[in-house]
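Down below is the structure, laid out as structure tokens.
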Amino acid sequence: MANVPDKPTLDGIEERWSGVWDTEGIHTFDRSATREGVFAIDTPPPTVSGSLHMGHVFSYTHTDAIARFQRMTGKSVFYPMGWDDNGLPTERRVQNYFGVRCDPAQPYVEGFEPPFRGDPPKDHRSIPISRPNFLELCDELVELDETVFEELFRRLGLSVDWSLLYATIDERSRRVSQRAFLRNLSRNEAYSAEAPTLWDVDFQPAVAQAEMEDRERPGAYHKLAFHRTDGAGDIEIDTTRPELLAACVALVAHPDDERYQPVFGTTVRTPLYGVEVPVLAHPLAQPDKGTGIAMICTFGDLTDVIWWRELQLPTRAIIARNGRIISEPPDGVDAAAFAEIAGLTVKQAQKRVVEMLAESGEMIGEARPIQHPVKFYERGERPLEIVTSRQWYIRNGGRDTDLRAALVARGHELTWHPTHMRHRYENWVEGLNGDWLVSRQRFFGVPFPIWYPVDADGEPDHDRPILPNEADLPIDPSTDVPAGYTSDQRDQPGGFTGDPDVLDTWATSSLSPHIAGRWEDDPDLFSRVFPMDMRPQGHDIIRTWLFASMVRSHHEHGCVPWGNASLSGWILDPDRKKMSKSKGNVVTPMGLFETYGTDAVRYWAASARPGVDTAFSEDQMKVGRKLANKILNITRFVHGLGEPAAEASVNEPIDQAMLARLDQVIHDATDGFANFDYARALERTESFFWWFCDDYVELVKSRAYSAASGGQDSARLALGTAVNVLHRLFAPLLPFATEEAWRWDHETSVHIAPWPSQQSLGGNADLLDPVLDVLAQVRRAKTEAKVSQRAEVATLEIRVSSATAPAEEAGLAARREAGSIREVTVVPGDAESLSCTVELVPSDSD
RNA sequence: GGGCGCAUAGCUCAGUUGGCUAGAGCGCUUCCCUUACAAGGAAGAUGUCGGGGGUUCGAGUCCCUCUGCGCCCACCA
């Protein structure tokens, strides 16, 4: 017997049911399921560096809807959560939160207390602390942030199995990350090399191709005169970076450029510094750019690197890792001139060099300002410089066409949602110009599990790395000692030294399926979940997270890591402007949950088609709340009618017709969810639902109330059936309201109820159209007469079109269904469409 | 420069093998306290489906082209 509250309400249902779900364990992954019976999700681990925003709510709702659908179809859903807490975002937040900065030269302080916990004053100068102390603070803050994230995700109703929680800095992740790297190394998929590297001079890590971006910046062409050594005059070049003149190693022009044919193979002397450099030809030089001939410096930009490599030029680097000019001039550079810029920042050096060139008369004319794209680290504030350093790389096809083709082919094995997102992947893979740089000169990350022997001169031997056993992972080479050595041999001649770097955060998060699935730690579990079914993520990180995951899986397993990639769109402001704190228009997810209810917010998220950028809309949330409320009310209404007899059947054509429509909805919704299109499932279900409430229920209401005209049980049973099915169709999208209504007459959760299947009663859905046409005309008559919809109709004359059977039935049905109609006549007519004449009962009042 | 996407009512968007008179919600107008729901309900108005051309009995839907907007990628002095 149904237990329906007098006044159904949405208030408080989130807390009530999420608590019950935990107790009943309905989200628990059943690891006894076979691989075919499992639906495994490679949940994106959110970066734990502050607060959750609407973007999280948006995309995680989409995944949860899919997860809940799959669970109802009988799959054991592997739905983990992870925190991406290693890496620079956390370091930055720790610096700002505690007012400290990491200085590896500092000694460890036992029981260190940071000067602040949250919001140090603006004039506070960060204090340097040791690396171990810094890492302790990282751990502390990360734990704090993760608590807040978990609370919000629970409130959002994510059906994740929280026992599967991981963090990308935890021991398990470090072990997986180090193991995978060592295997890459053993198969020669990873290597270290001394090479020009993009370098952020502020954060001082090496930067990978995927992490840099172009920004338009003002610059200026400076025209400089290089002196031909054959005495035949000067060659003029344009440069935006005169400060690198001392690093110049050659001039280059296009091989077909007629103007420079005579000078190819000759040499010139650089202005100020007097270094003799060759004039060379290379097809990358553009005749229409500047004077058509460029100076090659080590290194001004990535083109310089290409020229340097392909033309086998010497290195004459002058920029240090801190972004300043080095103190000693490279060989052959005029020492006095160089002393003028030694130690200066790039900007200061440029100013000084321009002054000197002006004095010497080697600069022709004034500098000409331009806007040009400059490479930046995506989180950085100053342009990237290129320095030579030893770094670790993982092969990703950037310098190997076979591997590249193989990875493009892997992209075709994946099913993309929406399909056009694959182009972004291919575009990226085909445009790679180097291997994946995975080493970072940072602190809060997974250390490279590597030591190096130190030779008699105290220099590390990078060609003979010392590796740990997999069984000992994870290790920290800065504290652990390799086999065969003792700790007092650290950094001593003849001893060993640990690799100081940490792995790129993507090098760990690209292994999220392995971390969540406990690769090698629990082979039985791993075999049941890998390759996974679904990777949900934002389209902005296809080039990083998605691609890196493909690379790792390709190397380690020779397969794709998942069958489907589901790409979510962005959240835009209602006015299409960026939401920002400074404008004060940022809304917090928790506030919205409280105002509209979680289901309403989820409704807004689920209304957006997969992959489409979507405006933030509180109006949509209001609609969602209305929908959730309606589900409760319609359920209450149907239960209030009383139960049909046990032997009742849906035998009225009108009721069968409604269920036939519902069958189509079940089909469409199932199809939508199965293809990761939660929005289509919602749209179909919702539009049926409103039709059901507004038209069908109004139509059969009077029959369901009273046994007088027959067909009462058919109506009750049809109503009950439809509501029951609708609960289940909506359950993945509006988990709280559906659970609330479902539990009025069920002991167990709607979320583990079987997904609805079609009824196949063979009803004729078309039958409803003429009946509803009559209903609409009666309503219109009442509205035009400005009377209540409850007003009685004295006579209703229905002129059916061409006496077709459905039309006849419509008349008969209308006669019985509409309880407030006293007399109905059905007239066969020859009009094109059905029409009615409605005569209302005059009001008794006064 | 290359690639991808978008353009339908005042606003946000559906419209999936081409097929009834192009839909929904919000907003707007009018009306109704009705016993599931007034944080509700009924009815109504509003469209050169971005422009042009083509295929077809038939095009919002397919093809070509143009325009505007957005995103991704790219090796430049």
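So you know, we letter chains A, B, ... as the sequences are listed, proteins then strands, and number each from 1.
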Provide the distance between the two [atom1] atoms, one in [N] and one in [M], to the nearest whole Å.
N: B:rU55; M: B:rU48; atom1: P; value: 27 Å
N: B:rC64; M: B:rA22; atom1: C1'; value: 25 Å
N: B:rC69; M: B:rG23; atom1: P; value: 32 Å
N: B:rC57; M: B:rG70; atom1: C1'; value: 39 Å
N: B:rC31; M: B:rA24; atom1: P; value: 23 Å
N: B:rU29; M: B:rA45; atom1: P; value: 16 Å
N: B:rC20; M: B:rG15; atom1: P; value: 15 Å
N: B:rC4; M: B:rU12; atom1: C1'; value: 23 Å

Quick one: do A:W428 and A:Y425 satisfy ring-ring contact (aromatic ring centres under 6.0 Å, His included)? Show the steps, please.
CA-CA 5 Å; A:W428 174 254; A:Y425 172 85; 9.9 Å; no

So what does [X] touch, heavy atoms closer than 4.0 Å: a base, only the sugar-phosphate, or nothing?
X: A:C693; answer: base
X: A:N433; answer: sugar-phosphate
X: A:T240; answer: sugar-phosphate
X: A:W307; answer: base
X: A:D694; answer: sugar-phosphate
X: A:G640; answer: nothing
X: A:G434; answer: nothing

Between A:H727 and A:W742, does any side-chain donor sit less than 3.5 Å from a side-chain acceptor?
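No, because no side-chain N or O of A:H727 sits under 3.5 Å from a partner of the opposite role on A:W742.
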
State, without any angle test, whether A:E236 and A:T291 hold a side-chain donor-acceptor pair at a distance under 3.5 Å.
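No, no side-chain donor-acceptor pair sits under 3.5 Å.
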
Is any side-chain N or O of [X] closer than 4.0 Å to OP1 or OP2 of [N]?
X: A:N427; N: B:rG2; answer: no
X: A:H639; N: B:rA36; answer: no
X: A:Y705; N: B:rA36; answer: yes
X: A:K289; N: B:rA77; answer: yes
X: A:K7; N: B:rA39; answer: no
X: A:K622; N: B:rG25; answer: no
X: A:R609; N: B:rC13; answer: no
X: A:Q209; N: B:rC73; answer: no

Nearest to the side chain of [X] - [options]?
X: A:V623; options: B:rC4, B:rG25, B:rA36; result: B:rG25
X: A:F637; options: B:rA36, B:rC73, B:rC71; result: B:rA36
X: A:K630; options: B:rC75, B:rG25, B:rG41; result: B:rG41
X: A:L284; options: B:rC75, B:rC73, B:rG41; result: B:rC75
X: A:T239; options: B:rC75, B:rA14, B:rA77; result: B:rA77

Does atom CD of A:E366 have more than 12 heavy-atom neighbours, drawn from other residues, nucleotides or ligands, at distances under 6.0 Å?
no

According to the Watson-Crick and G-U wobble definitions, with both distances under 3.5 Å, which nucleotide is paired to [N]?
N: B:rG60; result: none
N: B:rG10; result: B:rC26
N: B:rC4; result: B:rG70
N: B:rG47; result: none
N: B:rU34; result: none

Give me the atom names and distance for the closest heavy-atom approach of A:L245 to A:P271.
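Heavy atoms of A:L245 and A:P271 come nearest at CD2-O, 3.6 Å.
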
Whole Å only: how far is the [atom1] atom of [X] from the [atom2] atom of [N]?
X: A:I631; N: B:rG40; atom1: CD1; atom2: P; answer: 15 Å
X: A:K626; N: B:rG41; atom1: NZ; atom2: C1'; answer: 10 Å
X: A:R422; N: B:rG5; atom1: CZ; atom2: P; answer: 11 Å
X: A:M621; N: B:rU12; atom1: CE; atom2: C1'; answer: 13 Å
X: A:K701; N: B:rU34; atom1: NZ; atom2: P; answer: 12 Å
X: A:R309; N: B:rC75; atom1: CZ; atom2: C1'; answer: 12 Å
X: A:I634; N: B:rG41; atom1: CD1; atom2: C1'; answer: 12 Å
X: A:W570; N: B:rU12; atom1: CH2; atom2: P; answer: 21 Å

Is a donor on one side and an acceptor on the other found under 3.5 Å between the side chain of A:E362 and the backbone of A:L272?
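Checking the backbone N and O of A:L272 against the side chain of A:E362, a donor-acceptor pair under 3.5 Å is found.
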
If we check side chain to side chain donor-acceptor pair (under 3.5 Å) with A:Y596, which of these qualifies: A:R625, A:R602, A:K626, A:E618?
A:E618

Give the ring-plane orientation class for A:W604 versus A:F58, where under 30° counts as parallel, over 60° as perpendicular and anything between as tilted.
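Taking A:F58 first and then A:W604, their aromatic rings sit tilted (interplane angle of 30° to 60°).
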
Parallel, tilted or perpendicular for A:H639 and A:W744, by the 30°/60° rule?
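The arrangement is perpendicular - the two ring planes meet at more than 60°.
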
Would you kindly compare A:R625 and A:A294 by the position of their nearest RNA chain B nucleotide and give the one closer to the 5′ end?
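So the residue in question is A:R625.
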
Could you pick out which residue, A:N629 or A:D695, lies toward the 5' side of RNA chain B when each is mapped onto its nearest nucleotide?
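First, find each residue's nearest nucleotide; the 5'-ward one identifies A:N629.
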
